Amino acid sequence: MKRLLLWLPLFAFAGLFAVVASGLMRPNDHLVPSQMVGHPLPKFSLPAMVPDKPGLGSATFADGKPRLLNVFASWCIPCMAEAPQLMALKQQGAEIDAVAVRDTPGNIEGFLQRFGDPYARIGDDRQSALQLALGSSGVPETYVIDGHGRIVEQHIGDIRADDVPDILAKLKAAGG
Amino acid sequence: MIAEAGLAALWFAGALALLQVVLAVIGVRRSRSGGGEVLATIRPVAVVQGVLVVLAMLLLIAVFVESDMSVRLVAEDSSAAKPLLYKIAGAWGNHEGSMLLWVTILGLAGAAVALFERRLPKPTLIATLGAQATIALGFYAFLLFSSNPFARLVDAPPDGQGLNPLLQDPGLAFHPPTLYLGYVGISVAFSFAVGAMVTRDVGPAFARAMRPWVLGAWIFLTLGITAGSYWAYYDLGWGGWWFWDPVENASLMPWLAATALLHSVTVLATRDGLRAWTIMLAVVAFSMSMIGTFLVRSGILTSVHAFAIDPKRGAFILALLVIYIGGALALFALRVGTIRQGNTFEPVSREGALVVNNLLLSVILGIVVIGTLYPLVAAAFGTQLSVGHPFFDSTAGPIALVLVAIMGIGPLLRWRRDRASEALRRVAIPAGVAVVTFLAVLLLAPGIHILPLCGLTLAAGAAVASVAPLWRRDLRRTPLFTYGMVVAHLGIAVSLAGMASESAFDQETLVATHIGEIQHVGPYSVTLEGIRPVIGADWSAVEGVLRVQRGDHAPYILAPQSRFFSTPPQATSISAIETVADGQLYTVLGQADDDGRWQLRLWWKPFVTLIWLGGALVAFGGFLSLLGRLLRERRAHRREIEA
């Protein structure tokens with residue numbers, strides 16, 4: 001028994017080696033895709049963030065119309081960079097709902113005044129609860145949701161101008 | 001020519017390392033006849049090897065200083081316009097250069113052992129030098145065959161691409177060399193352990209010989225981690241002082257093992273106990289350094305420290321790990337069973353407390369290892385995830401607190417055996433202080449989270465307990481190493497107080513502010529008075545002029561910058577920090593918006609400086625201990641000669 005115990009460190013190291021060697025074989029992914037892609041949205045109901053827009057609940061997503069769900073915050077600089085692309089998406093017919101993460105109504109109103117307001121609804125997610133449930137690892141992120149409330153696509157990071165046609169196509173595919 | 005000379009020095013150093021290994025094998029075989037003549041040869045070989053690798057490092061620095069753009073490394077990581085300090089530090093601000101620095105310390109450590117180690121029995125010393133050279137040989141091969149720092153370019157560009165702006169800070173000049181002195185210096189403990197296993201000679205004399213080397217490496221490791229933490233704190237502009245980044249963990253893991261080793265080696269030296277355990281820790285400490293190096297260099301984990309990512313290099317280092325760590329652990333399994341068991345002891349005693357200390361340190365080490373590697377394990381099963389501070393804080397945190405409590409109690413116990421009732425009496429005053437602190441904190445800050453509350457309580461108790469060993473002692477006749485222990489333990493308490501205070505009472509304000517508007521954070525009011533442009537050697541910046549006032553005190557100016565570097569083009573924020581007796585005001589300037597408002601991020605961090613002050617105290621305590629041990633030994637040596 002004691003004999004075996006002395007070999008234990010070596011076995012532990014061998015195990016470590018196996019894990020690390022297999023890790024070395026795989027290419028390095030820097031984006032962490034959500035486990036939720038392909039699954040229905042989690043059940044949630046968020047209060048309204050700003051007075052003149054409704055809040056956000058999972059029920060509104062199952063109305064047959066595909067839409068975008070944008071996770072953003074006023075303190076996030078890439079979100080500012082992304083704003084013009086969201087406006088472009090809206091002008092081309094996309095319906096965009098939003099989750100404002102760890103933010104306050106005043107800051108959000110200021111953000112919308114400055115960078116434009118592409119959103120139909122904005123849910124107030126002070127504690128990042130929905131963000132975590134979505135499997136989102138940061139802001140901004142944008143999800144394509146089909147008419148049955150299922151997540152079909154996750155875009156990590158800000159939407160660049162060349163991403164816009166791609167996202168529109170995904171949205172169209174989700175509707176059909 | 002300089003680059004070629006550097007490469008030649010590296011090759012010669014590698015050849016000498018090979019010679020050193022061969023000599024050691026011969027010496028160990030002949031050890032029955034004493035091995036004296038082999039030792040007389042192997043010593044100078046180890047010293048010259050050390051000199052050559054230092055020369056290679058100096059020549060690399062020379063190539064950076066003269067901005068020889070035909071050397072690939074210089075072209076990629078430096079530029080002619082850099083200030084001299086960053087040209088020098090730039091030599092190790094990249095993969096190849098930092099690996100050369102790594103090997104330089106390894107060679108230096110081996111040379112130091114060859115020059116200064118006189119107490120080890122000859123056969124063990126020969127085996128130790130052989131082990132050190134074996135490690136060096138592998139890493140020379142790594143440099144020469146897969147990471148040549150002196151490689152030339154066919155077409156030299158007119159100027160280099162420049163150093164990563166985050167690294168253009170005086171911190172880069174000091175942090176890596178200091179950290180590496182500890183991180184790689186602990187290799188000596190590994191080689192000692194291997195040497196002792198080869199000759200089956202583990203006992204108090206071996207422990208006394210090993211202790212100063214462990215202490216020396218541990219001091220630098222402590223300093224390096226402390227300095228690195230402060231550097232990340234002000235340089236990254238995130239206001240945090242520890243991020244549980246894989247690279248930080250890579251330096252913490254050997255520190256935890258070395259701290260455990262430092263204590264177990266004392267048990268071995270004084271009471272001849274914990275033989276196999278001490279050997280194991282010595283192997284583990286440097287293994288953690290090598291695993292850490294592998295994690296960072298292979299880019300297998302995403303980290304702020306990752307340089308160029310190349311799986312081939314990762315595979316090379318991994319092969320070295322298998323040889324060295326696997327070899328040492330196999331030797332352990334084969335040999336430790338044949339080493340005579342040391343003394344055993346009573347649970348309530350100094351040794352008992354040191355064993356608990358070792359177990360708790362090992363558990364924390366295990367947690368850090370698991371947390372750091374878990375993303376890899378999960379990835380092996382197809383899941384991508386990252387492990388961050390919530391895991392480490394809630395697992396390692398409480399255990400670290402228990403450890404601090406044991407740290408307070410341990411030195412108050414006697415060696416061999418103590419009476420529980422008497423021990424309790426000695427612990428009564430520190431325990432009383434802890435209880436009073438607990439109630440006071442609860443009264444003053446009722447909403448405080450449990451971890452910082454316990455942290456403050458234990459910090460106060462442990463601070464009192466750590467100076468208690470000096471109670472009723474003749475302070476002039478107390479040995480220096482006892483002062484060392486007192487100061488180091490006090491440092492831990494001070495650092496813990498800083499961590500607890502920062503996490504409980506930290507205040508943050510994030511605003512977009514017009515010029516002239518007043519913002520508040522903690523006891524300060526901060527006014528953005530204006531924005532002005534500033535030009536540096538290879539950067540330009542906008543600087544926020546912040547008028548800072550606390551109560552009725554005279555206001556003063558803080559000037560955080562948003563800096564744009566030209567080579568390579570990159571923007572970074574340079575925080576401005578005001579240090580006062582009871583904490584720090586930390587300011588960061590962000591971007592401007594279209595209305596002319598500027599983003600400002602302000603933190604008030606009460607007593608945050610205690611974290612690093614404590615770290616410095618811990619290192620200073622280590623230094624006192626080392627000095628005390630060396631002085632005592634010199635005196636003993638002199639007496640021997642006189643007799």
Side-chain angles (χ1 to χ4, degrees), chain A residues 1-37 73-81 83-84 102-104 106-116 128 132 135-138 154 156, chain B residues 276 280 283-284 287 291 294-295 298-302 306 309-319 321-322 324-338 366 369-370 373-386 510-512 590-591 593-595 597 599 601:
Chain A
M1 185 59 211
K2 177 116 192 269
R3 267 279 144 87
L4 218 60
L5 206 65
L6 292 177
W7 287 98
L8 204 64
L10 187 62
F11 294 150
F13 177 67
L16 172 73
F17 169 78
V19 167
V20 165
S22 78
L24 215 53
M25 302 297 159
R26 265 189 321 275
N28 210 322
D29 276 335
H30 287 284
L31 297 184
V32 183
S34 168
Q35 301 286 305
M36 296 297 295
V37 172
S74 71
W75 41 264
C76 134
I77 291 166
C79 298
M80 302 172 189
R102 294 188 177 266
D103 224 323
T104 58
N107 285 344
I108 289 292
E109 274 176 8
F111 181 93
L112 298 180
Q113 271 167 24
R114 259 179 292 147
F115 301 104
S128 290
L132 289 175
S136 147
S137 50
Q154 176 193 27
I156 299 175
Chain B
M280 187 73 232
V283 169
V284 165
S287 298
I291 290 175
F294 164 74
L295 292 179
S298 64
I300 197 166
L301 291 171
T302 316
I309 287 164
D310 183 348
K312 254 187 247 148
R313 284 175 179 164
F316 202 125
I317 304 185
L318 190 59
L321 293 195
V322 169
Y324 298 141
I325 303 179
L329 292 177
L331 193 63
F332 177 83
L334 290 171
R335 280 290 166 88
V336 154
T338 66
V369 171
I370 290 171
L373 294 177
Y374 191 72
L376 276 179
V377 179
F381 295 100
T383 325
Q384 292 271 7
L385 54 81
S386 71
L510 172 66
V511 285
Q591 310 284 318
D593 62 25
D594 296 342
D595 307 345
R597 296 198 300 177
Q599 272 189 351
R601 205 157 185 181

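Because the structure is a prediction, the values reported are computed rather than measured. Naming: A, B, ... by sequence-line order, numbering from 1 per chain. Computed over heavy atoms, backbone and side chain alike; hydrogens, waters and symmetry mates excluded.
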Spacing of [X] atom [atom1] and [Y] atom [atom2] [to the nearest 0.5 Å]:
{"X": "B/F294", "Y": "A/F17", "atom1": "CZ", "atom2": "CZ", "result": "9.0 Å"}
{"X": "A/I108", "Y": "A/F111", "atom1": "CD1", "atom2": "CZ", "result": "7.0 Å"}
{"X": "A/F11", "Y": "A/L5", "atom1": "CZ", "atom2": "CG", "result": "11.0 Å"}

Check whether A/L8 gets within reach of chain B through its side chain, its backbone, both or neither, counting any heavy atom under 4.5 Å.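 Neither part; nothing is under 4.5 Å.
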Heavy atoms only, distances under 4.5 angstrom: which of B/V511, B/I325, B/V284, B/L334 has the most pairs with chain A? Name it, please.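 Max contact count across the listed options: B/I325.
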Between the side chain of A/D103 and the main-chain N/O of A/A73, is any donor-acceptor distance below 3.5 Å?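 Not confirmed, A/D103 side chain does not pair with A/A73 backbone.
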Contact part of B/I291 toward chain A, heavy-atom cut-off under 4.5 Å: side chain, backbone, both or neither?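 For B/I291, the contact with chain A is made by the side chain alone.
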